[in-house]
Amino acid sequence: MEISKTFDFTSAEQKWYQHWLDNKYFESTPDDREPYTVVIPPPNVTGILHMGHCLNNTIQDILVRRARMMGKNACWVPGTDHASIATEAKVVHMLRERGIQKSSLSREAFLEYAWEWKEKYGGIILQQLKKLGCSLDWNRTSFTMDPDYYRSVIQVFNDLYGKGYIYRGKRMINWDPRAKTALSDEEVIFKEVQGKLYFLQYQLADKEGNPLPLENGGIIIATVRPETILGDAAIAVNPSDERFKHLIGTEAIVPLINRRIPIIGDDYVATDFGSGALKITPAHDMNDNQIGIKHGLAVYDILNEDGTMSVDAQLYIGLDRFEARKQIVEALKSAGHVVKIDEYTHQVGFSERTDVVVEPRLSLQWWVDMKKISAPALNAVQEGEINFHPAKFKNLYRHWMENIKDWCISRQLWWGHQIPAWYDAEGRFIVAMDEEDAKQKFSATYGVENPQLKQDEDCLDTWFSSWLWPFEVFKGISNPGNKDVAYYYPTNTLVTAPEIIFFWVARMVMAGYEYMGQKPFKDVYFTGIVRDLQGRKMSKQLGNSPDLLEMIDDIGADAVRFGILIASPAGNDLLWDKASNEQGRNFINKIWNALKLVQLWKERSKPNLTAEEMTLGSDWPHEWFDARLREVCTEVDQLMEQFKLSEALKTLYTLVWDDFCSWYLEWIKPGFEKPMDEAHLNKAIGFFEILLERLHPFMPFVTEEMFHLLRDEQPVDLCVRQMDASFIARPADHAILTEAALLKSAITAIRDARVKAQIKNKDAVSLYVVAKEKAVWLPIQELLCKQVNAKSFAFTDDVVAETIQLVIGGDKFYVKSDQALDTSIQRKELEAELSYFQGFLESVEKKLSNEKFVSNAKQEVVDMERKKQADALDKIKMLKEGLANLG
RNA sequence: GGAACAUUAGCUCAGUUGGUUUAGAGCAUUACUUUGACAGAGUAGGGGUCACUGGUUCGAGUCCAGUAUGUUCCA
């Protein structure tokens, strides 16, 4: 068969993916094999594939394909997340472009647009995963708002509410004034902002509460948000602060609105920050809220939900908060309250979704009391029931779980699971499965006939549905105890980003124990964050994220998979550069050329070559490669078990490039224009197949293509070929590995000597060896001669004059050339080596002459040092002889 | 402000319970060789006081303390 000059990935990718699908290789149903289950971290339904997905899904595919080839019933479940905030933002944006305001639409009309959008763009990302080669069971594709899934989410809400784990409460939350929604703490991004610190002077009040003139002193506070003074409920000072101690118990006057507020003492106030006096605004600051509760202060909510000033602010009503800030500063200046304004850099919370400044705000929200369900989830990870890779995330997890806070699960959005609570006109409410259920329960609870109820407008946090993912994709809630969930759950490995360890991983663990009574997965592999060469996180805003599909079209999916994985040490962030794709491409090119070579031999192969035709006299190279292959495969298996995928790939890379291509194929290569022995060829093809098999999970397309080109008729496709477990169960033959190491070092040393002495490749040399043990050279002397172009190999006991002398494996080699030798380079080499060993010897002897070392160190360590000393002395002796021999 | 993790060649990283030849790999770079599988390959070389300062020890990249820098998380 004619083999193209290079691998044509475009046609191969298309052809093989379709072939795998046609043969249903990725489909899984329960059987008597051991399952290997992975659920995809569901990407946003309207998302597109980026480098993070590429890394994450390549890793999952490697694990799944490998499991499939190792006899497991591999099941990788695809799906998407409705991503309420992100998707709703996109739909709102799309509507705005069409000139439609969300506020002008009814909930039903909006959701119609949203579903239309989802049908149009949803699942593009799943198509893109196919381009990457992902072996997902497409029949099992799930969506967090599928009817069954939706109902399960509602059921879980009802259940947790029934258990008393969900409550409704007015709490300080992060408010996004643009999206008009509450945000969880995790959705707030703190950024350093250059702002201003305003020092404002408040008038003090006399005993009757009348303002004293500012000239009498007043009290100075510092704030970065002057507009919030309208919500002030107190001024706090540290009770130990001599400057203010006497004022505790008196009152001050809020400027402009002349509200009388108490001056209170609280340890929370830092004496060395600002002016030492702190204004307390309970409605608009987390800490102030705490102090307010502690001291029973009034609450003035001065902001509307869109970030404009409210009626309670008294001034600037309806004006945006930032505009109000400008105006109030002017007003305060005119009234003489501004003492000074400092430049000030501080951390400000921004909404992850809309990037506007977040306002801490009091709001009535739904909450989950996390302490009720977190205990088994903490134990599972602490006690190794669930293993994190790398393990360092265990600490982080513990820290978070031990200090877990209640989870605000309501979002002021329409796209999502609508909160199943129904209210009557008086604000009484009931939690139920649906409206009918609600009416019944409401009647039963409040004794009202045929109540008029209205469902809560808000929907649930996206994570409140995705925490059910590992079992609800198998309908663990909607169809409890079905045979899929019984077979596939708990899943094996979760591959995800450390950023969502709390959002998602921890909550899945909690939900798993709460609803399935067991862990959701055995292992969690945390990938790094993909960054660019400057170390910046890849993001759309920065425009530093490469177009993945373009890259796949350009260089091939296998090269991209190789590129991202080779750059990806376990648990560390990876600085990704396009150059690593090229390393992948070069590697593919290298294997492809090995295939071409084997193909060439195939055309020239014959059975039962005559002794004359036969270049290779023994099976030694095959025996060695067999041993080497088993050694490396064992190593790779161990690395894979430790989730060191990148190292496993590197190990295979070296095996292919160095051991297979540079050594093995060269050793069995027939002489120029000589025929290839069929038996030898078949051995080589057999090894080649095993290499392809081991590489397949990493680079599925090129390996499948080559596997079929290697033999005219393959009994199976590589995708489902089963790895031979007994192959690596046989231990590698160490004797032959040692011989090979000796052969390699001899070849390298002699080639090096030839170059140094400027002996042309085509000029044959003669080798004379002073061997301590002749037997070690016998099996390899033929190959040695072939690889270094030596015409003879002879043992000797005498010095051979006019030669280059080398020391290989403790034996002396004399390399004799018919040409005149240029020994100058050789001499320099020997001198350098000599001085190295002399220095080395010195350091060893220093150690050995240290009595404390000899008496304290373990015997074997001392013995080792003695051996080093002896070896070094030996080496020095030979080097000196070599120099003498050079004349 | 608190916490976790990190800091080893130009870059990305290994380095197992302190001792296996005065620190290893890949990529990049340089020189030479070769062009009969190889948009290349082969061989060799350069490049590191293992962030810094102390300490423990016969012995520290490895353990301890502190400092600096960075990343992330939490206030």
Side-chain angles (χ1 to χ4, degrees), chain A residues 3 5-6 185-186 188 190 270 273 286-287 347 349 390 392-400 403 405 498-499 501-502 528-529 531 533 535 537 566-577 579-580 582-583 585-601 642 644 646-647 649-651 653-654 657-658 661-662 665-666 669 672-673 747-756 758-762 787 825 829 832 836-844 846-858 860-865 867-872 875:
Chain A
I3 304 222
K5 187 160 167 51
T6 51
D185 290 349
E186 289 81 2
V188 178
F190 286 90
F273 180 81
M286 302 276 181
N287 297 312
Q347 299 284 317
K392 66 178 176 185
F393 290 110
K394 206 170 148 176
N395 273 339
L396 191 66
Y397 179 86
R398 194 196 66 220
H399 190 255
W400 191 76
N403 298 290
K405 292 181 194 134
E499 303 157 294
I501 183 167
F502 309 129
I529 298 165
R531 297 174 183 279
L533 283 179
K537 196 170 159 178
I566 204 79
S568 168
N572 280 354
D573 288 357
L574 54 141
L575 273 65
W576 184 88
D577 179 40
S580 57
E582 281 156 28
Q583 198 187 342
R585 197 233 2 241
N586 289 348
F587 182 46
I588 288 165
N589 191 245
K590 182 77 183 177
I591 324 173
W592 191 259
N593 277 299
L595 174 72
K596 274 162 62 184
L597 178 65
V598 170
Q599 198 64 25
L600 198 76
W601 292 346
Q642 297 162 36
K644 294 183 175 171
S646 175
E647 280 186 59
L649 178 57
K650 278 180 193 157
T651 307
Y653 176 86
T654 309
W657 201 299
D658 295 343
C661 293
S662 297
L665 291 181
E666 290 298 331
K669 196 183 236 176
F672 186 56
E673 307 237 300
I747 292 172
T748 305
I750 295 168
R751 278 181 183 166
D752 184 33
R754 291 182 63 120
V755 171
K756 298 266 160 63
Q758 304 195 326
I759 301 171
K760 293 237 158 52
N761 278 4
K762 56 177 187 277
Q787 296 300 301
I825 300 173
E829 282 285 313
Y836 170 87
F837 277 102
Q838 278 166 341
F840 177 69
L841 181 65
E842 207 175 306
S843 84
V844 174
K846 198 171 151 198
K847 213 183 240 187
L848 283 169
S849 63
N850 181 346
E851 251 176 64
K852 284 182 179 168
F853 169 72
V854 180
S855 54
N856 287 337
K858 277 185 289 188
E860 64 233 53
V861 175
V862 178
D863 288 347
M864 184 56 70
E865 290 302 312
K867 183 171 186 315
K868 283 190 209 169
Q869 183 188 30
D871 287 354
K875 190 85 188 181

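From a predicted model like this one, the values you see are computed outputs, not experimental measurements. Below, chains carry the letters A, B, ... as their sequence lines are ordered, and counting in each starts from 1.
Comparing B:G19, B:A37, B:U21 by their nearest atom to the side chain of A:Phe853 picks out B:G19. Among the nucleotides B:C58, B:U22, B:G19, the one closest to any side-chain atom of A:Lys852 is B:C58. The listed nucleotides are B:U22, B:A39, B:A37; the one nearest the side chain of A:Ala594 is B:A37. Closest to the side chain of A:Lys590, out of B:A41, B:C58, B:A39, is B:A41. Taking the side chain of A:Arg751 as heavy atoms from C-beta on, and the options B:G42, B:G19, B:A37, the nearest nucleotide is B:G42. Among the nucleotides B:A37, B:C73, B:U21, the one closest to the side chain of A:Leu600 is B:A37.
Legend: residues meeting salt bridge (Lys or Arg N to Asp or Glu O under 4.0 Å) with A:Lys596, ordered by chain and number and at least two apart, are absent. With sequence neighbours excluded, no residue forms a salt bridge (Lys or Arg N to Asp or Glu O under 4.0 Å) with A:Asp658.
Note on A:Glu666: a base of the nucleic acid sits closer than 4.0 angstrom, heavy atoms only. Within 4.0 Å of A:Ser662, counting heavy atoms only, lie sugar-phosphate atoms of the nucleic acid but no base atom. Counting any heavy atom pair closer than 4.0 Å across all strands shown, A:Ser580 reaches no nucleic acid atom. Using a 4.0 Å heavy-atom distance criterion, A:Asp752 is classed as a sugar-phosphate-only contact.
The partner of B:G59, taking Watson-Crick or G-U wobble pairs whose two distances both stay under 3.5 Å, does not exist in any strand shown. B:G18: no Watson-Crick or G-U partner with both key distances under 3.5 Å is found in any strand. Taking a pair to require two hydrogen-bonding distances under 3.5 Å in either a Watson-Crick or a G-U wobble arrangement, B:U67 pairs with B:A51.
For B:C58, one of the phosphate oxygens OP1 or OP2 lies less than 4.0 angstrom from a side-chain nitrogen or oxygen of A:Asn856. Taking only side-chain nitrogens and oxygens, A:Asn589 never comes nearer than 4.0 Å to OP1 or OP2 of B:A41. Listed pair A:Lys847 / B:G19 fails the phosphate criterion, with no side-chain N or O lying under 4.0 Å from OP1 or OP2. Within the structure, every side-chain polar atom (N or O) of A:Lys644 is placed at least 4.0 Å from both OP1 and OP2 of B:U16. For B:A37, one of the phosphate oxygens OP1 or OP2 lies less than 4.0 angstrom from a side-chain nitrogen or oxygen of A:Lys669.
With respect to A:Asp871 and A:Lys867, a salt bridge is recorded, a charged nitrogen being found less than 4.0 Å from a carboxylate O.
Between atom CD of residue A:Glu842 and atom NZ of residue A:Lys846 there is a gap of 8.0 Å, rounded to the nearest 0.5 Å.
Nucleotides B:A9 and B:A65 place their C1' atoms 29 Å apart, quoted to the nearest Å. Using atom C1' as the reference point in both B:G47 and B:A23, the two lie 13 Å apart (nearest Å).
For A:Val854 and A:Ala872, each mapped to the nucleotide of RNA chain B holding its nearest heavy atom, the one lying further toward the 5' end belongs to A:Ala872.
With rounding to whole Å, A:Gln838 atom CD is found 16 Å from B:U21 atom C1'. Per the geometry, CG belonging to A:Asp871 stands 12 Å off P belonging to B:U22, to the nearest Å.
Within 90° of 0 lies the glycosidic angle of B:A39, which makes this nucleotide syn.
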Heavy-atom contacts, protein to nucleotides 24-32 of chain B, under 4.0 Å, summarised as B (base), S (sugar-phosphate only) or - (none) per nt, yield --SS-----

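Within the 4.5 Å cutoff, no side-chain heavy atoms of A:Lys875 are placed close to those of A:Phe840.
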